[in-house]
2 protein chains.
Amino acid sequence: MNFNAITISDIAKALNLSASTVSKALSDSYEISAKTKKLVVDYARENNYRPNPIAQSLKKGKSKSIGIVVPTIDNQFFSQVINGIESVAYEEGYNVIITQTHESYDVELLNINALTHRSIDGMLLSLSTETFNVDHLQKLQNQGLPIVFFDRVSDTINTHKVIADNFKGGYEATMHLIESGFKYIAHITSPAHTSITRERLAGYKKALTDKGFNVDDNYIKYCSHGGKSIAETKEAMDELLALPVRPDAIFAASDRITTTVLSLLHKSKIKIPAEMGLVGFNNTNLAELLNPALTAVHQPAFEIGKKATEMLLSIIKSRYPVTEFETVVMPTELFIRKSSVRD
Amino acid sequence: MNFNAITISDIAKALNLSASTVSKALSDSYEISAKTKKLVVDYARENNYRPNPIAQSLKKGKSKSIGIVVPTIDNQFFSQVINGIESVAYEEGYNVIITQTHESYDVELLNINALTHRSIDGMLLSLSTETFNVDHLQKLQNQGLPIVFFDRVSDTINTHKVIADNFKGGYEATMHLIESGFKYIAHITSPAHTSITRERLAGYKKALTDKGFNVDDNYIKYCSHGGKSIAETKEAMDELLALPVRPDAIFAASDRITTTVLSLLHKSKIKIPAEMGLVGFNNTNLAELLNPALTAVHQPAFEIGKKATEMLLSIIKSRYPVTEFETVVMPTELFIRKSSVRD
DNA sequence: TTGAAAGCGGTACCAC
DNA sequence: GTGGTACCGCTTTCAA
């Protein structure tokens with residue numbers, strides 16, 4: 001229901017004009033005389049006229065809304081990204097429809113389906129950990145739906161992508177642990193097939209080899225749902241703690257994995273950083289206040305959302321099919337705090 | 001753009017029927033023969049037909065979308081509430097449009113305006129700290145827009161409301177501090193006019209008087225933007241620390257105020273709980289991991305969102321104007337941790 | 001410079 | 001039981 005009942009034909013009647021004249025006057029068409037324009041525009045303003053966006057959508061075949069697909073919104077990284085998305089979307093008169101996959105491929109399919117049937121103009125998404133196959137997305141793109149990936153991107157689909165510099169983040173985190181004197185650095189991460197996992201892992205490995213350490217696969221653990229359940233993170237931790245040579249530091253690759261690892265270490269009464277150093281990929285604003293203060297790779301989440309939306313809108317607004325795509329890599333920042341620095 | 005091009009008239013043509021027959025068959029009208037229904041429904045399914053929601057909206061005067069107005073989404077309490085909202089909205093085929101006021105009355109006005117012009121079917125909102133005047137909302141309600149408040153509600157507008165048991169939360173938090181041996185318990189809260197402030201404050205005062213303590217207004221500090229800026233919380237803290245008899249405990253009344261207070265105490269090297277006990281209203285899942293672990297009043301945020309949405313949908317779907325309204329109070333829970341317990 | 005009319009995709013009233 | 005038609009509010013030819 002629109003609570004602003006006045007329509008174009010109301011204006012037309014009131015001014016003894018036709019609906020088409022009013023419509024054109026409001027869109028400042030060159031066909032309409034300055035005098036009529038003024039008349040119409042003034043009347044519209046006085047009566048607080050707003051075009052009905054639904055009628056406009058139906059007519060134009062555009063909905064002025066964009067769909068967002070994220071694993072979850074109850075996570076600082078993603079809520080900050082969404083903040084960034086909204087900041088530019090609203091500015092441009094678009095509204096956003098947020099859906100959460102909860103790391104399920106099936107739910108992701110359902111959400112994408114629901115969104116396309118909701119007539120969105122474009123889609124922003126970060127893949128769920130369960131998603132291997134992106135045929136459904138490729139199909140949508142082929143049908144002409146503008147899609148921009150962020151964070152967890154697809155290699156196979158050719159479109160704009162916005163990611164943090166995961167390689168650098170992984171490299172600096174690991175390098176920092178090495179330089180702080182840790183010798184047996186483990187890595188707990190998301191499933192091996194996701195883009196962020198591969199990039200962060202590559203950074204981790206490069207730092208180790210650069211410093212003359214061996215990369216030992218026993219020290220690398222994958223959580224198949226990106227740490228969604230505590231159980232999978234606990235399993236990874238248990239395996240690490242059971243190794244003949246127990247790791248003396250952990251580099252955790254995501255918000256949830258990081259905080260779960262911290263929690264598990266607390267429960268096991270393992271002292272941080274004395275017995276175990278810890279660095280995480282984490283966007284919480286509470287890092288400083290954790291026990292101990294958490295060394296973290298911080299991602300420019302807000303900026304990622306902003307940039308991704310700008311790129312999406314550029315495709316949506318483009319008059320010609322866009323075929324040249326770009327992957328934007330945003331810098332991460334390592335905040336060194338107590339969890340990785342021995343006294 | 002709808003990427004599922006098939007429409008009712010496509011089906012009609014293919015089956016040599018009229019559009020109206022197809023429409024009725026799809027809505028399982030009693031007028032249509034079983035045979036025709038089957039024909040149509042089968043064809044629709046095979047061809048993956050979906051009604052165009054925009055056309056439906058235009059025709060029915062309903063958009064199947066609800067507007068959300070919150071101070072900010074980058075806050076665990078609100079992101080959990082939104083999670084709850086979405087869980088029921090999507091289930092019922094509604095999508096949600098989220099807007100953030102950032103605690104500004106002007107932005108709240110703008111958002112509400114934008115939402116109503118977006119043809120929403122109903123609105124869920126939590127007032128900004130700056131909002132005294134709710135005439136604009138009263139006007140909308142009078143025009144027939146269903147509104148449900150949650151968290152920070154308006155007294156003057158008569159509609160459904162969902163809140164946490166703020167009085168009980170404030171009472172238990174304060175009582176717990178008293179029973180832990182603290183003698184000079186301060187309270188830092190949001191502006192005095194907001195509903196949550198009054199309720200939590202009342203609980204605080206009641207606990208003090210029940211235990212025979214005086215209520216001293218010098219120990220109660222208001223942050224005019226609910227702790228949005230660190231500066232206002234710092235000012236409150238500085239004033240408290242400068243009192244002739246410095247408080248030995250603080251009850252903080254919101255997520256942001258709580259974490260800012262914790263941070264400020266860290267910076268001032270004030271030991272918690274030895275020199276200062278701390279209890280907060282806080283929904284972070286990191287409470288356990290903070291330094292020290294944070295005693296907190298936890299609100300059932302997800303449930304609040306769920307309940308508010310159910311109530312909103314019940315108004316939206318009601319065939320008759322709803323005039324009987326209800327305020328649902330959901331229980332809070334006090335999690336006692338180290339920040340309020342002296343060894 | 002203005003207006004009539006068609007149509008976006010459905011729905012619903014009214015004939016047949 | 002089925003189909004014709006008008007209409008939701010707006011945009012866009014095309015004609016006047």
Side-chain angles (χ1 to χ4, degrees), chain A residues 1-41 43-44 47-65 93 116-121 144, chain B residues 1-41 43-44 47-65 93 116-121 144:
Chain A
M1 200 179 313
N2 192 317
F3 297 90
N4 210 36
I6 176 168
T7 70
I8 274 194
S9 72
D10 292 335
I11 300 180
K13 268 175 219 143
L15 298 170
N16 251 316
L17 290 169
S18 74
S20 42
T21 303
V22 174
S23 172
K24 286 173 196 162
L26 289 170
S27 56
D28 199 25
S29 161
Y30 66 91
E31 300 173 78
I32 305 297
S33 71
K35 187 163 147 265
T36 307
K37 272 185 196 167
K38 181 159 169 32
L39 197 67
V40 170
V41 169
Y43 185 89
N47 292 275
N48 196 23
Y49 166 80
R50 298 293 178 111
N52 178 329
I54 294 184
Q56 282 178 318
S57 296
L58 181 61
K59 181 66 192 173
K60 297 186 186 163
K62 303 199 158 281
S63 62
K64 281 278 204 171
S65 63
T116 54
H117 289 312
R118 276 255 163 217
S119 313
I120 53 168
D121 293 346
Chain B
M1 203 180 313
N2 191 316
F3 297 91
N4 212 30
I6 177 168
T7 72
I8 274 196
S9 71
D10 293 334
I11 300 181
K13 268 175 218 143
L15 268 36
N16 251 316
L17 291 168
S18 75
S20 41
T21 303
V22 173
S23 173
K24 286 174 196 161
L26 288 170
S27 55
D28 200 24
S29 161
Y30 66 92
E31 300 173 79
I32 305 296
S33 72
K35 188 160 147 269
T36 307
K37 272 185 195 167
K38 181 160 167 34
L39 198 67
V40 170
V41 169
Y43 186 90
N47 291 275
N48 196 24
Y49 166 78
R50 298 292 179 108
N52 178 329
I54 293 185
Q56 283 178 319
S57 297
L58 181 60
K59 180 67 190 171
K60 297 186 184 164
K62 304 197 155 277
S63 62
K64 281 278 204 172
S65 62
T116 54
H117 290 308
R118 275 255 164 220
S119 312
I120 52 168
D121 293 346

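Quick note on labels: first sequence line is chain A, next is B, and so on, each numbered from 1.
In this structure, Q56(A) does not reach the dG9(D) phosphate: none of its side-chain N or O atoms is under 4.0 Å from OP1 or OP2. Residue Y49(B) places at least one side-chain N or O under 4.0 Å from the OP1 or OP2 atom of dG10(C).
In this structure, CG on D10(A) lies 3.5 Å from OG1 on T7(A), to the nearest 0.5 angstrom. The CG atom of L17(A) lies 6.0 Å from the OG1 atom of T36(A); values are rounded to the nearest 0.5 Å. Put simply, CG on N16(A) and CD1 on I11(A) are 14.0 Å apart, with the number rounded to the nearest 0.5 Å. Taking NZ of K59(A) as the reference point, atom CG of L58(B) lies at 11.5 Å (rounded to 0.5 Å).
The separation between L58(A) atom CG and dC8(C) atom C1' is 4 Å, rounded to whole Å. The interatomic distance linking I6(A) (CD1) with dG9(D) (P) rounds to 12 Å, in whole Å. Here the C1' atom of nucleotide dT2(D) and the CG atom of L15(B) are 14 Å apart, to the nearest Å. Across the protein-nucleic acid pair, K64(B) atom NZ and dT11(C) atom P stand 12 Å apart, rounded to whole Å. Spacing between atom NZ of K59(B) and atom C1' of dC8(D) amounts to 6 Å, rounded to whole angstrom units. When rounded to the nearest whole Å, the span between CZ of R50(B) and P of dG9(C) equals 17 Å. Whole-Å rounding puts the K62(B) NZ to dG9(D) C1' distance at 18 Å. If you measure from atom CD1 of I8(B) to atom P of dG4(D), you get 15 Å, rounded to the nearest angstrom.
Smallest separation of non-hydrogen atoms from S65(A) and S119(A): OG-O, 4.2 Å. I6(A) and Y43(A) get closest at one heavy-atom pair: CD1-CE2, 4.0 Å. What you find for A25(A) and V41(A) is that their closest heavy atoms are O-CG2, 4.3 Å.
Helix bend of the helix from dT1(C)-dA16(D) to dC16(C)-dG1(D): the angle between its two end axes, each built from five pairs, comes to 50° after rounding to 10°.
A donor-acceptor contact under 3.5 angstrom links the side chains of S20(A) and S18(A), judged on distance only.
K37(A) places a side-chain N or O within donor-acceptor distance of the main-chain N or O of S29(A), the cut-off being under 3.5 Å.
Of the residues in residues 17-39 of chain B, those with a non-hydrogen atom less than 4.0 angstrom from any atom of DNA chain D are L17(B), S18(B), S20(B), T21(B), K24(B), Y30(B), E31(B), I32(B), S33(B), T36(B).
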